[in-house]
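Just so you know, these numbers use all the heavy atoms, side chains as well, and skip hydrogens, waters and symmetry mates. Given the structure is predicted, the values throughout are model-derived calculations rather than measurements.
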Amino acid sequence: EYIDNSIDSAEEFYQEETNSYSKEINIVLRKTKDQVIVEDNCFGITKFEKVVQEVGNSDKKAQPWTNGQFGYGIYSFMAACEKLKITSKLALDASAKQISINRKQFNTDHQDDVQFPDLNFVEFSNSSGTKVELSGFDKKMWQQYNFEEIKNEIEKHFELLLKRHNLSIKLIDELNQIEYK
């Protein structure tokens with residue numbers, strides 16, 4: 001889901017006539033001892049507050065080149081872990097916006113009752129892009145996390161996009177010292 005979101009964000013730089021991106025696009029999925037981090041140098045999340053604080057409300061449904069439509073994908077973390085931290089910066093912004101969301105926030109009878117924390121403004125390593133940090137994995141889900149399977153799914157799901165020039169998707173398993181590009 002989060003690599004898909006990065007690729008959707010990279011479309012802002014895609015040039016169909018050359019089948020390439022106007023800048024080197026780098027998407028990295030990193031598995032640490034207890035986290036999964038997806039970071040990119042793509043466009044960033046426009047309307048950040050709306051995307052992360054209004055469940056089921058996606059602007060992607062009007063964009064024919066993206067996969068997202070419903071605004072629930074960003075919350076897919078709840079199927080596997082407790083916490084999602086999103087940091088995103090647009091090129092024209094002075095700093096990045098950041099929010100941490102906990103699965104427990106959704107323990108309510110009505111979607112409208114979900115309370116979101118305030119946004120933080122932080123530094124970001126790229127001029128634009130997004131960083132998603134997933135943590136607090138359910139033990140059973142963490143044990144099922146298969147790095148090779150993630151690689152195969154990315155290759156299968158994004159086969160045509162991976163043929164584009166200036167696109168790099170890197171998978172790094174720090175614990176087992178495995179790296180795929």
Quiz item: Would you say the side-chain atoms of Lys131 pair up with the backbone N or O of Ser125, donor to acceptor, closer than 3.5 Å?
Solution: no
Practice problem: In sequence, state the C-alpha distance, the side-chain angles, and the governing distance for Phe77 and Glu133, and then conclude on side-chain contact (heavy atoms from CB on, under 4.5 Å). | Solution: CA-CA 10 Å; Phe77 79 95; Glu133 299 170 73; over 6 Å; no
Self-check item: Pairing residues for Lys181 by the salt bridge (Lys or Arg N to Asp or Glu O under 4.0 Å) criterion, not counting sequence neighbours
Solution: none
Quiz item: For the side chain of Asn126 and the backbone of Glu39, is there at least one donor-acceptor N/O pair under 3.5 Å apart?
Solution: no
Quiz item: When the ring planes of Phe147 and Tyr180 are compared, do they come out parallel, tilted or perpendicular, using 30° and 60° as the limits?
Solution: parallel
Quiz prompt | Closest approach of Ser128 to Phe43 (non-hydrogen atoms, all atoms of both residues) | solution = CB-O, 3.7 Å
Quiz prompt | Trace of the side-chain contact (heavy atoms from CB on, under 4.5 Å) decision for Phe158 with Ile3 | solution = CA-CA 10 Å; Phe158 301 113; Ile3 288 180; 3.9 Å; yes
Practice problem: Give the intermediate values and the outcome of side-chain contact (heavy atoms from CB on, under 4.5 Å) for residues His165 and Thr18. | Solution: CA-CA 8 Å; His165 303 284; Thr18 60; over 6 Å; no
Quiz item: Does a side-chain N-to-carboxylate-O contact under 4.0 Å join Glu174 and Arg30?
Solution: yes
Quiz item: Counting only heavy atoms not in Lys83, do more than 12 fall under 6.0 Å of its NZ?
Solution: no
Quiz item: Should Ile25 and Asp40 count as side-chain neighbours, where that means a heavy-atom distance under 4.5 Å?
Solution: no
Quiz item: Between Leu167 and Ile27, is any pair of side-chain heavy atoms under 4.5 Å apart?
Solution: yes
Quiz item: Heavy-atom distance under 4.5 Å between the side chains of Lys97 and Ser88, does that happen here?
Solution: no
Exercise. Output the distance between atom CD1 (Ile86) and atom CZ (Phe48), rounded to the nearest 0.5 Å.
Key: 5.5 Å
Quiz item: Hey, is the main chain of Ile178 close enough, under 3.5 Å, to the side chain of Asn176 for a donor-acceptor pair?
Solution: no
Practice problem: Please list, chain by chain and in numerical order, all residues satisfying salt bridge (Lys or Arg N to Asp or Glu O under 4.0 Å) with Glu179, sequence neighbours excluded. | Solution: Lys170
